[in-house]
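To keep things clear, I will list the structure first and then write my remarks on it.
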Amino acid sequence: MYHFFVNQDQIGPETVTVTGPDVNHIKNVLRMKPGEEVLISNGVDRDYLCKLETIAADSVTAAIVSVTEGGTELPVKFYLFQGLPKSDKMELIIQKAVELGVYQVIPVETRRTIVKLDAKKEDAKVRRWNAVSESAAKQSKRLIIPEVTGVMSFREALQYAGGFNKNIIPFEHAEGMADTKAYFAGIRPGMSCGIFIGPEGGFEDDEIAMASEAGVKPVTLGKRILRTETAGLAVLSVLMFQMEN
């Protein structure tokens, strides 16, 4: 079933009105017809199972069949602070992180970050990354479209995460899997949790020290060294499994 997002003001007592680029997608790409069912989310807390009624040049109207509240979101808000990787790895990370339930993705520039973005390139990248997030949210039937923010420095990222309940930073020299498991077990519904992942080459020791001073917990993910595009997804997979009802 195809999935679309609308603003709350597009949802009436009995119908939902779809506007913007999704109209062309429904009409000319998917070639959908009145009577077909779609899933429409308000981007906050409700899914609407709908049947298409009218398909016009600039809008689509769908009748509400049923409403579901809070169906697919995790009970913890996970923020992925991802060190900027090379090439198009960021798109893969965003896509899979959204599928796994991330709440927000924050690209981070660290000491070992190779990719440098000027303001113009950053704006274009952020637009593209948010489009990837939206596509993944539709595919995985998320209630929300997780935001991909602008690029932050490592220090800015630590400050941003300062109000979260828990923050972790996987580090290859961290020890004590039992300690990591215990810390993960302490993440409870209603909390917010930051996950800091380094770029290729990982974090420098003084960055780990800076994070520790800011209250971020260094953790181990096991005996194997994971790539930057794997580490965050591994953490999210474990936490998603732990948090699912």
Side-chain angles (χ1 to χ4, degrees), residues 74 76-115 117 125 129 132-133 136 140 146-149 151-158 160-161 164-187 191-244:
L74 294 174
V76 172
K77 292 182 178 179
F78 292 109
Y79 296 76
L80 178 61
F81 293 87
Q82 175 64 51
L84 283 172
K86 294 183 292 185
S87 65
D88 59 353
K89 293 178 184 176
M90 192 68 177
E91 293 189 12
L92 173 67
I93 292 167
I94 292 167
Q95 181 189 66
K96 301 309 176 188
V98 170
E99 291 177 25
L100 290 168
V102 78
Y103 181 76
Q104 190 178 65
V105 180
I106 302 94
V108 181
E109 187 175 301
T110 69
R111 298 274 180 81
R112 294 178 180 173
T113 297
I114 296 173
V115 177
L117 301 175
K125 282 286 188 183
W129 290 337
V132 170
S133 177
S140 56
E147 179 193 12
V148 184
T149 72
V151 179
M152 295 186 188
S153 69
F154 188 61
R155 189 177 297 276
E156 287 171 337
L158 291 175
Y160 187 75
F164 298 168
N165 301 104
K166 300 273 189 177
N167 289 295
I168 60 174
I169 186 165
F171 183 48
E172 61 189 274
H173 299 306
E175 298 180 354
M177 182 57 76
D179 188 39
T180 295
K181 289 179 179 179
Y183 195 81
F184 280 17
I187 300 173
M191 288 185 173
S192 53
C193 177
I195 302 165
F196 286 80
I197 303 297
E200 294 88 350
F203 290 108
E204 292 191 351
D205 289 345
D206 64 337
E207 289 176 320
I208 297 296
M210 188 188 308
S212 296
E213 290 174 4
V216 182
K217 173 73 172 176
V219 298
T220 177
L221 299 182
K223 299 177 181 179
R224 292 150 301 281
I225 303 299
L226 303 182
R227 291 177 179 270
T228 184
E229 65 268 32
T230 307
L233 303 182
V235 173
L236 282 168
S237 296
V238 171
L239 294 173
M240 178 192 71
F241 184 80
Q242 179 176 304
M243 290 295 112
E244 290 286 10

[atom1]/[X] to [atom2]/[Y] distance, rounded to the nearest 0.5 angstrom?
X    : Y    : atom1 : atom2 : value
M243 : L74  : CE    : CG    : 8.5 Å
M152 : F81  : CE    : CZ    : 6.5 Å
I169 : I195 : CD1   : CD1   : 12.0 Å
F78  : Q104 : CZ    : CD    : 14.5 Å
E213 : D206 : CD    : CG    : 10.0 Å

| field | Stepwise side-chain contact (heavy atoms from CB on, under 4.5 Å) check, Q82 with I94 | value | CA-CA 9 Å; Q82 175 64 51; I94 292 167; over 6 Å; no
| field | Partner of V151 under side-chain contact (heavy atoms from CB on, under 4.5 Å), chosen from V115, L117, T113 | value | L117
| note | The single option from I197, I106, V108 that satisfies side-chain contact (heavy atoms from CB on, under 4.5 Å) with L80 is I197
| field | Stepwise side-chain contact (heavy atoms from CB on, under 4.5 Å) check, W129 with E91 | value | CA-CA 6 Å; W129 290 337; E91 293 189 12; 4.0 Å; yes
| message | Regarding R112 and E207, does a basic nitrogen lie under 4.0 Å from an acidic carboxylate oxygen? | response | no
| Of all pairs that satisfy salt bridge (Lys or Arg N to Asp or Glu O under 4.0 Å), the ones with a partner from residues 92-108, not counting sequence neighbours | K96-E99
| task | Assess the side chains of E204 and T110: does a donor N or O sit below 3.5 Å from an acceptor N or O? | result | no
Taking all atoms of both residues into account, what is the closest heavy-atom pair of [X] and [Y], and its distance?
X    : Y    : result
S192 : N165 : N-OD1, 2.8 Å
C193 : F164 : C-CD1, 4.2 Å
E200 : L84  : OE1-O, 4.1 Å
L236 : A97  : CD1-CB, 3.8 Å
I168 : V216 : C-CG1, 3.6 Å
A234 : L226 : CB-CD1, 4.0 Å

| said: For K77, is the NZ atom crowded, meaning more than 12 foreign heavy atoms sit under 6.0 Å from it? | reply: no
| Does E175 offer a backbone N or O that forms a donor-acceptor pair with the side chain of T220 under 3.5 Å? | no
| Sub-3.5 Å donor-acceptor pair from the side chain of S133 to the main-chain atoms of P146, do we have one? | yes
| request: Would you mind reporting whether I187 and L239 have side-chain heavy atoms less than 4.5 Å apart? | output: yes
| Side-chain heavy-atom pair V105, M90 within 4.5 angstrom cut-off | yes
| said: Checking F184 against V235 for the side-chain contact (heavy atoms from CB on, under 4.5 Å) test, could you report, in this order, the C-alpha distance in whole Å, the side-chain angles of both residues, the deciding distance, and whether it holds? | reply: CA-CA 10 Å; F184 280 17; V235 173; 4.3 Å; yes
| note | Residue set satisfying side chain to side chain contact (heavy atoms under 4.5 Å, CB included) with D179, at least two apart, ordered chain then number -> K217
| note | Taken in chain and number order and not counting sequence neighbours, the residues that satisfy side chain to side chain contact (heavy atoms under 4.5 Å, CB included) with E172 are I225
| task | Measure from the ring center of F203 to the ring center of F196 and say whether it is less than 6.0 Å. | result | no
| field | Trace of the side-chain contact (heavy atoms from CB on, under 4.5 Å) decision for K166 with Y183 | value | CA-CA 9 Å; K166 300 273 189 177; Y183 195 81; 3.4 Å; yes
